[in-house]
Amino acid sequence: MDKRLWTLREYPFHPEKLRYHETIFTVGNGYLGTRASFEEGYEGDTPATLVHGLYNHAPHTQVPELVNAPNWTEVQIKVDGTPFRLITRSSDLLNPPQGLILGYERALHLDEALLRRVVLFRAASGATVRIIFERFASLHDPHILAQRIHVTAIDGAPEIELEAVLDGQVSNNGVQHWATMAPSAQAEQFSLFGVTNQSGYKLTMASALLGPGTPVGQTQERRASSVVRIQLGRDDHAIFDKLTAVYTSRDCADPTVSAATKLAEARATGYDSLLAAHRQAWKHCWQAMDITIEGDDFAQLAVRFTTYHLLIAAPQHDEQVSIGAKTLSGLGYKGHVFWDTELFMLPPFTLTLPSIARNMLMYRYHRLEGARQKARENGYEGAMFPWESTDTGLETTPKWSDVLDKQGQPLRIWTGDNEQHISTDIAYAVLQYWRWTGDDAFMTQYGAEIVLDTAVFWGSRAQFIDGRYELHDQIGPDEYHENVKNSVFVNRMVVWHLQQALQLLTWLEQHAPQDAARLVQNLDLNAERLARWRDIIANMIIPFDEARQIHVQFDGFFDFEYIPVQHYEPRVGGLWGYLGHERALRSQVIKQADVVMLMALLGEELAPRQVLLNNWETYYPRCDHGSSLSPAMHAWVAARLGLRDEAYHMLRHALAIDLEDNKGNVADGIHGAACGGAWQAIVFGLCGLHLTSDGPALSPQLPPHWKRVGFKVVYQGQVYPFVAEA
Ligand code: BGC
């Protein structure tokens, strides 16, 4: 194994990239994610631990958010009384008041999901130590978090004081979600017990500091710790293990009892065996999901990085949670779940680790009541999923933005009202999962209800005008254009959705008549309703320009101002900030793949190849990729159209979004959709994976410098290893 292609490094320390590294070096296990803040802290750092499903709606805030849990990683070290800190100012070199960093390296080992930092530190006394910090969130047992601190005396014989801490003095950018946070500590064991102030979730973290010396427990307000002092001899070394167990009231009746039991179990197992089990669990995941790319080291490392971030956020054991837009790696988008999940992050799991995909689909199934409530409140029937979703399943998109308009007023956010395609995106993911897995039990018991009740919603939503069906006040994927009439993406996907719903019902009647009868009864799928679906399919307006042979993004799109996007390059981020909201609204600049997204989802089912090419030539130059969701979809579609240069260019862009921070906001968290999008762009796009009557097959369009791409997919329970060659 070439470790280089599995390792992300920071060397030397880059203080100006502190928050970037905190995000990209996040560790996690599908239960929680923890940003890579330093154990000892650093000015301006943003430590966060986000536990799936732990939402809270704090007083005086617009919407609920994922709660920042106590920081379990904190460790304070003193060497001969000098606090260990990453001080690098050159003025300190001559006269180190607080000790000095002589060497630094940090690496995230993607193969084993282990974060490791090595520092050489000279204390004010002159004694020098090497400190190695390791941490991982066990994938084998998601309630166990482990750290090892290895201190070696390089020069001198220093006294080492080490304090292992659980820090509950945390907030979400100043918003306090914890009503209480009670510390307790005794000798080597210490814990925190907190209750959120609105949702009432309880959380316990319990830790143990294991190693030489006689630890003493300490508590302060919202903080608990254990501190130990030892004397190191010359060339001597000491190993301290800090093991933490975490439970919430989402997992069990009494998180304090469960955490205590788990901590005892972890102590009995010991760090080395915990790490071995963790490695084994990762091996299994990588065997299923790794893509190997020969001929492009950047793409190889980058796709492992994006896949790693999908995996550390993926719920392996919980069907009540799903992955938010920024995964569990930052506070951006408040941990809310968008369409990013179903159309970008979920398909890679459907094809490789389908039980994870199933959990995420079940999250939606369990929230059908919320979707029905949203439909009712808006005067519709069936299930209308929220644009942004949390634990309740209700709409949680904020109505107002922090961004101000020209009059100094906050901008109204319309997506929660009008970005309604999410209901079809979820149905698409359900159908794709069914097609690839052949999981009829899931479909008959759960999936069908999602597909059919969202179809009921569209049946009530479509507007009958002059003998045709239209959809007004929609937001398609391109969010620069709000509340438009007849988005081709939305209208065409609704037609597709209703077609699928009718076919599914026929299938159910033949193969699962009892389930068919139950759903017909419960969802009131009467003849009149089904006749209307057929009528909508036949008569929905699909905006199309006959003369130019292109789809029209929405009614009136080409009446807007044309702005050549390529004139504004190079740039970081979208043109929206430059143009301003009002002008962007009335321009032909597109935020992200929209008609192109439709082409990715429907391929040649949408239109003959020439029309797809015409669409590409029209919309590609108008897109500013203001959203991280965009480049991967462009790469996928370009490859299917045989446009290899554009495909590689767009894939490179997608793969670099977080690694090279090309949106400039990686500090807020990983762009999960870009990660899932990159996986799909390679597999469906460049490798051309598609289903035939004989099962999955490839039709590759690899860039000339790629020699070989390897990956596996599972189709109807059978593993298909594939190799695509140039
Ligand atoms: C994009 C949406 C996306 C959201 C969350 C927005 O900027 O336009 O498509 O769902 O970010 O990632």
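Note that these values count all heavy atoms, side chains included, but never hydrogens, waters or copies made by symmetry. Computed from a prediction, not measured in an experiment: that's the story for all the values here. Index from 1, following the sequence. Numbering of ligands and ligand atoms starts at 1, following listing order.
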Hits for side chain to side chain contact (heavy atoms under 4.5 Å, CB included) against L32, two or more places apart or cross-chain, chain-then-number order -> N29, T34, T49, V51, A137, L145, V246

- Item | Step-by-step salt bridge (Lys or Arg N to Asp or Glu O under 4.0 Å) determination, D417 to K399 | CA-CA 9 Å; D417 305 68; K399 283 215 183 296; 3.6 Å; yes

| task | Would you kindly say whether T327 and H309 are connected by a side-chain donor-acceptor distance under 3.5 Å? | result | no

Mind running ring pair (Phe, Tyr, Trp, His ring centres under 6.0 Å) on F344 and W679 for me, showing each step along the way?
-> CA-CA 9 Å; F344 295 81; W679 197 96; over 10 Å; no

Contact set, ligand 1, heavy-atom distance under 4.0 Å, ordered by chain/number, equals A325, Y333, F338, W339, D340, W387, E479, K591, Q592, S627, L629

Set out, in order, the CA-CA distance, both residues' side-chain angles and the distance that settles side-chain contact (heavy atoms from CB on, under 4.5 Å) for R583 and E561, then state yes or no. CA-CA 9 Å; R583 190 168 168 211; E561 179 190 8; 2.7 Å; yes

Per side-chain contact (heavy atoms from CB on, under 4.5 Å), T23 is matched among I670, D658, N665, T46 by I670

